[in-house]
Amino acid sequence: MTQPQIIDIHPHIIADDETRYPPAPLFGKRSEWSKERPTTVETLIAAMDAAGLAKAAVVHSSTTYGFDNSYVVDGCNQYAGRLVAVGSVDVLQPDAPQRIRDWVERGLAGLRLFTGGSTKEFDPSELDDPRAHPAWELCAELGLPMCIQTGPVGLPQVTALANRFPTVRIVLDHLGRPEVADGPPYAAAHSLFELAALENIYLKLTPRIFGDVRKERASAETFFPRVVEAFGAERLAWGSNFPTSPGTLAEILATAQQGLACLNETERAWVFGKTAQTLYPALS
């Protein structure tokens, strides 16, 4: 029997040529990981080969390049058929739809809203700003998935967007960072599970959650089946967060496979590949 392909929907790449690809980080502060563990597209491909990964949707580093998606697009185009690019545009600007069209023409396969993270507290205000609606309408028209980087503070806005734009697939980075240390029935993560009824919301399982389910009363064996029961495995996808998260790509993958050993083979096939192909058909 052929082994299903493993696809990663959340690695990052950083150029080693700052003249051609000058850093201009969002919020004015560059992330520490991008300085300490820069990974070019060639390094990523080598890491994927070593880990046995077939393909990846590479996420633009907003904390390195702001809204300039040049390196993620150029890098992925070098390995077309194996990599696709997920980039960022300032959706509050009047020219956002045209900028999205321009980047899609250059190869962009999806978008991401970065409302905070390693360099800034989350600010979900831009999520429900009406100025962003034309960009969302274009995503619906073009079939572009939208990743959202936020925490529980932004989930009411995510809910509103999912209802307003039901044909746009929304992918929550890091599962929206739920609080899980209380253990089953995971009452503290209720705001995450409330999203399950919205069929256009997808979840990324990244190293953050595989670490969190090892804390206090949480466990992989009680949390992940609960998530699959609520959302369905076909709305879950694995992302490495490499090289932001420490460790080799092979080590990060092994941790995820160990954490999801409690799921059945069909469910794991969705999480490690088939959902990624639903979100980014070019990876099929």
- Arg106 and Ser70, any side-chain heavy atoms less than 4.5 Å apart: yes

- Message: Test side-chain contact (heavy atoms from CB on, under 4.5 Å) on Leu203 and Leu192; report intermediate values, then the result.
- Response: CA-CA 10 Å; Leu203 304 177; Leu192 170 69; 3.9 Å; yes

- Without swapping roles, check the side chain of Lys55 against the backbone of Ser284 for a donor-acceptor pair under 3.5 Å. yes

- Query: Considering residues at least two apart in sequence or located in another chain, which fulfil the side-chain hydrogen bond (donor to acceptor under 3.5 Å, both in side chains) criterion with Ser34?
  - Reply: Arg30, Ser31, Thr64

- Task: Specify the closest pair of heavy atoms between Val72 and Ala85, including all atoms of both residues, with the distance to one decimal.
- Result: O-CB, 3.6 Å

- Query: Where is the tightest heavy-atom contact between Trp238 and Ala256, given as atom of each residue plus distance?
  - Reply: NE1-CB, 3.4 Å

- Task: Could you tell me whether the side chain of Asn69 and the main chain of Gly87 form a donor-acceptor pair under 3.5 Å?
- Result: no

- Task: May I have the step-by-step check of side-chain contact (heavy atoms from CB on, under 4.5 Å) for Asp173 and Arg112, ending in yes or no?
- Result: CA-CA 9 Å; Asp173 287 353; Arg112 183 191 193 210; 2.8 Å; yes

- Message: Using only atom types and a distance under 3.5 Å, with no angle test, would you say the side chain of Thr275 pairs donor to acceptor with the backbone of Leu236?
- Response: yes

- Message: Ignoring hydrogens and geometry beyond distance, is a side-chain donor-acceptor pair present between Thr40 and Thr43 at under 3.5 Å?
- Response: yes

- Message: The test is side-chain contact (heavy atoms from CB on, under 4.5 Å); show your working for Thr63 and Trp33 and say whether it passes.
- Response: CA-CA 10 Å; Thr63 57; Trp33 70 265; 4.0 Å; yes

- Inspect the surroundings of CZ in Arg217 and state if more than 12 heavy atoms from other residues, nucleotides or ligands are less than 6.0 Å away. no

- Note on the structure: SG (Cys147) and CZ (Arg169) are apart, to the nearest 0.5 Å, by 12.5 Å

- Message: If I take atom CD from residue Glu126 and atom CG from residue Asp90, how far apart are they, to the nearest 0.5 angstrom?
- Response: 7.0 Å

- Item | Donor-acceptor side-chain pairing of Asn241 and Thr206 below 3.5 angstrom | no

- Message: Do the side chains of Asp49 and Arg82 get close enough for a salt bridge, i.e. N-O under 4.0 angstrom?
- Response: yes

- Item | Residue pairs passing the ring pair (Phe, Tyr, Trp, His ring centres under 6.0 Å) test where at least one lies in residues 124-172, sequence neighbours excluded | His133-Phe165, Trp136-Phe165

- Message: Using every non-hydrogen atom in the two residues, find where Leu172 and Leu195 come nearest and quote the distance to one decimal.
- Response: CD1-CD1, 3.6 Å

- Message: Run Gln149 and His174 through side-chain contact (heavy atoms from CB on, under 4.5 Å) and show every step you take.
- Response: CA-CA 8 Å; Gln149 162 95 322; His174 314 298; 3.1 Å; yes

- Ala218 backbone acceptor or donor facing Glu216 side chain under 3.5 Å: no

- Task: Not counting sequence neighbours, which residues clear salt bridge (charged side-chain N to carboxylate O under 4.0 Å, His left out) with Arg101? List them please.
- Result: Glu141

- Message: Main chain of Ile170, side chain of Asn200: is a donor-acceptor contact present, judged purely on distance under 3.5 Å?
- Response: no

- Can you hop from Val41 to Leu249 via hydrophobic side chains spaced under 4.5 Å? yes

- Ile209 and Pro178: which non-hydrogen atoms are nearest, and at how many Å? CD1-CG, 4.2 Å

- Query: Would you say the side chain of Arg164 lies within less than 4.5 Å of the side chain of Glu137, judging by non-hydrogen atoms?
  - Reply: no

- Closest approach of Ala109 and Val84, non-hydrogen atoms and distance? CB-CB, 3.8 Å

- Note on the structure: Value for CG (Leu263) from CH2 (Trp270), rounded to nearest 0.5 Å, stands at 14.5 Å

- Task: Give a yes-or-no answer on whether the side chains of Asp102 and Gln98 include a donor-acceptor pair shorter than 3.5 Å.
- Result: yes

- Task: Hey, could you give me the CG/OG1 distance between Asp16 and Thr39, rounded to the nearest 0.5 Å?
- Result: 11.0 Å

- Note on the structure: Between Gly259 and Phe224, the two heavy atoms sitting closest are O-CD1, 3.4 Å

- Is Leu283 reachable from Tyr79 through a run of I, L, V, M, F, W or Y residues, each pair having side-chain heavy atoms under 4.5 Å apart? no

- Query: Do Asp212 side-chain atoms and Val180 backbone N/O form a donor-acceptor pair below 3.5 Å?
  - Reply: no

- Are any of the side-chain heavy atoms of Ile45 and Gln78 separated by less than 4.5 Å? no

- Say whether, by atom type as modelled, one donor and one acceptor occur between the side chain of Arg235 and the main chain of Ala196 under 3.5 angstrom. yes

- Give a yes or no answer on whether the side chain of Arg37 reaches the backbone of Thr244 with a donor-acceptor pair at less than 3.5 Å. yes

- Query: About how many Å separate CD of Glu199 and CD1 of Ile201, when rounded to the nearest 0.5 Å?
  - Reply: 11.0 Å

- Would a hydrophobic clustering, with Ile, Leu, Val, Met, Phe, Trp and Tyr connected at side-chain separations under 4.5 Å, put Val89 with Val59? no

- Under 3.5 Å donor-acceptor, Lys204 side chain and Gly239 backbone: no

- Task: Check whether any side-chain heavy atom of Arg20 lies under 4.5 Å from a side-chain heavy atom of Asp74, and answer yes or no.
- Result: yes

- Message: Checking Asp128 now: which residues fulfil salt bridge (charged side-chain N to carboxylate O under 4.0 Å, His left out) with it, not counting sequence neighbours?
- Response: none

- State yes or no: do Leu53 and Val86 share one hydrophobic cluster built from I, L, V, M, F, W and Y residues joined by side-chain heavy-atom distances below 4.5 Å, directly or via other members? no

- Side chain proximity check, Thr278 to Lys274, heavy atoms < 4.5 angstrom: no

- Once you round to the nearest 0.5 Å, how far does CD1 of Ile100 lie from SG of Cys139? 5.0 Å

- Taking the six-membered ring for Trp and the single ring otherwise, decide whether the centroids of Phe223 and Phe210 are under 6.0 Å apart. no

- Got a salt bridge between Glu32 and Lys35, using NZ or NE/NH1/NH2 to carboxylate O under 4.0 Å? yes

- Does a side-chain heavy-atom distance below 4.5 Å link Val227 with Phe193? yes

- Task: Examine Tyr202 and Ile9 and state if one hydrophobic cluster contains both, with Ile, Leu, Val, Met, Phe, Trp and Tyr joined whenever side-chain heavy atoms are less than 4.5 Å apart.
- Result: yes

- Task: Report yes if the side chains of Asp8 and Ile252 come closer than 4.5 Å at any heavy-atom pair, otherwise no.
- Result: no

- Query: Is Leu260 close to Leu205 at the side-chain level, that is, under 4.5 Å between some pair of heavy atoms?
  - Reply: yes

- Query: Which pairs, with at least one residue in residues 239-261 and sequence neighbours excluded, count as a ring pair (Phe, Tyr, Trp, His ring centres under 6.0 Å)?
  - Reply: none

- All pairs passing ring pair (Phe, Tyr, Trp, His ring centres under 6.0 Å) where residues 49-75 contributes a residue, at least two apart: Tyr21-Tyr71

